Amino acid sequence: MNRDFEFFNPTQVFFGRSAMESLPGLLALYGENVLLAYGGGSIRQNGVYDQVIQALRASGKRVTEFAGIQPNPTYAKVLEGGRLARSCGADLILAVGGGSVIDCAKAVAIAAVEDGDLWTRHWLEKRPPEEAPLPVGAVLTMVGTGSEMDGDSVVTNEETKVKTSCWDYSLYPRFAVLNPEFTYSVPEYQMVSGIFDILSHIMEIYFSPEDEDNLSDDLAEAIMGSVIRSTAAALKNPRDYTARSNLMWASSLALSGLLSPSKREDWEVHQIQHQIGAYYDCAHGMGLAAVSPAYYRLVCPYALPRFKRFAVNVWGIDPAGKSDLELAHAGIDALAAFIRDSRMTANLRQLGLPDDSLLETIAATCNLRKGGYHPLTRQEVLRVLRESF
Ligand code: NZQ
Ligand code: ZN
């Protein structure tokens with residue numbers, strides 16, 4: 001661990017089949033007005049809504065509902081939630097759903113207490129909140145983003161076609177209730193989308209310097225291995241509790257900060273996906289899956305030892321008789337095969353892009369990061385997009 005680091009994760013986690021039993025006690029720590037944030041209605045169908053309402057009633061809360069948060073939440077929705085939070089005098093925002101609901105709740109937590117152009121201040125200029133945001137609690141129903149245990153709020157500005165995140169310690173959920181059974185009802189497409197998101201979060205950190213012997217890389221390999229095993233089990237039986245619980249915890253740990261010490265972190269795949277997402281509303285993890293193999297093929301010559309290690313330690317590939325480049329490519333081929341075998345989206349056409357007319361625009365507007373092994377030029381972003389089409 002040669003680079004100095006800071007580690008802090010303030011989210012209190014309650015995990016397992018009985019996790020909901022903790023909710024009334026947690027709610028009791030906050031004032032009486034709760035803004036209940038949720039999405040398009042899946043929680044009403046799978047019974048989670050009823051359980052949450054029961055806990056809110058048992059705690060004597062006055063509840064205002066903020067429903068209809070769309071996948072990939074928009075800035076307009078954030079402002080709507082901010083107005084609602086103010087009008088009901090919310091003391092706590094309880095987010096019940098996946099990453100989109102939790103991200104939107106975090107943004108509303110800022111919008112409830114700050115005026116003016118929040119988008120420019122916090123999402124574009126990345127300045128910290130000026131007032132303490134409202135506290136957010138999360139009941140997770142879909143795994144992948146890690147939003148339940150991190151300080152990111154990813155929002156899309158539909159007017160300017162920019163999807164980006166705002167991060168601050170004050171945005172970490174105060175608590176997260178994680179019951180793997182709540183994910184049984186997630187449709188397979190969303191499940192595998194979330195799974196690739198977990199893998200991508202780990203790879204964005206793992207495929208970056210520093211390369212000295214460090215625990216972060218060992219942990220990353222162990223979690224990737226668990227995710228790969230659990231994916232096969234969850235695809236076979238969506239109600240496999242062991243698989244679902246491993247996936248849920250892997251998802252929360254991946255972005256919790258645990259894997260970051262001593263790493264510079266890449267995040268270019270996420271930048272590309274976010275910019276695709278700004279133009280085409282798509283499942284985040286599937287956008288990552290569509291571009292990852294092409295991206296890693298481009299980057300791997302600049303970090304052969306790391307890609308060889310990935311092939312051997314994560315995919316169990318026998319290095320015998322292979323050149324360094326062949327072994328590195330075998331690891332990326334295994335990733336591509338995992339994407340296909342897990343019924344994930346293998347290219348941008350499958351993701352729903354009707355043609356390649358916007359690829360140049362996406363490449364021209366995508367953020368370029370410097371933390372990876374080979375910072376991309378815009379031409380290279382375009383190459384990745386074209387190869388992924
Ligand atoms: O709208 P609802 O009813 O909630 O339905 C959702 C939605 O249609 C459904 N769903 C969730 N739980 C379910 C369920 N359906 C049945 N049963 C359940 N138990 O699944 C659909 C997708 O939900 P969503 O929340 O959009 O998915 P996800 O968790 O993948 O979140 C994606 C968003 O998070 C951002 C992404 O960019 C995207 O906007 N990210 C947030 C990050 C963070 N905060 O750290 C990091 C990530 O890299 C990512 O950028
Ligand atoms: Zn992600």
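Predicted, not measured: the structure shown is a model, and the values here were computed from it. Start at 1 and go down the list; that is how both ligands and their atoms are numbered.
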_Check: Tyr296 ring centre within less than 6.0 Å of Phe207 ring centre_ = yes
*Short side-chain donor-acceptor distance under 3.5 Å, Arg306 and Tyr206*: no
*When Ile, Leu, Val, Met, Phe, Trp and Tyr are grouped by side-chain heavy atoms lying under 4.5 Å apart, directly or through other members, which residues fall in the same group as Tyr184?*
Tyr241
_Under 4.0 Å from ligand 1, counting heavy atoms only: the protein residues, by chain and number_ = Gly39, Gly40, Gly41, Ser42, Asn46, Pro71, Asn72, Pro73, Gly98, Gly99, Ser100, Asp103, Thr141, Met142, Thr145, Ser147, Asp150, Asp152, Val154, Lys163, Phe182, Ser185, Val186, Pro187, Gln190, Asp197, His201, Leu255, His270, His274, His284
*Using side chain to side chain contact (heavy atoms under 4.5 Å, CB included) as the criterion, list what pairs up with Asp240, not counting sequence neighbours.*
Ala233, Asn237, Thr242, Ala243
*Are Phe8 and Tyr169 near enough that their ring centres are under 6.0 Å apart?*
yes
*Got a second to check how far Glu21's CD is from Gln51's CD, nearest 0.5 Å?*
10.0 Å
_Check this for me: does any side-chain nitrogen of one of Asp217 and Lys263 sit under 4.0 Å from a carboxylate oxygen of the other?_
yes
_Would you say that Leu247 contacts Thr231 through its side chain, given a criterion of any heavy-atom pair below 4.5 Å between the two side chains?_
yes
*asked:* Let me confirm one number: the CZ-NZ distance from Arg121 to Lys126, rounded to the nearest 0.5 Å.
replied: 15.0 Å
*Tell me the protein N, O or S atoms under 2.8 Å from the Zn ion (ligand 2), in chain and number order.*
Asp197 OD1, His201 NE2, His270 NE2, His284 NE2
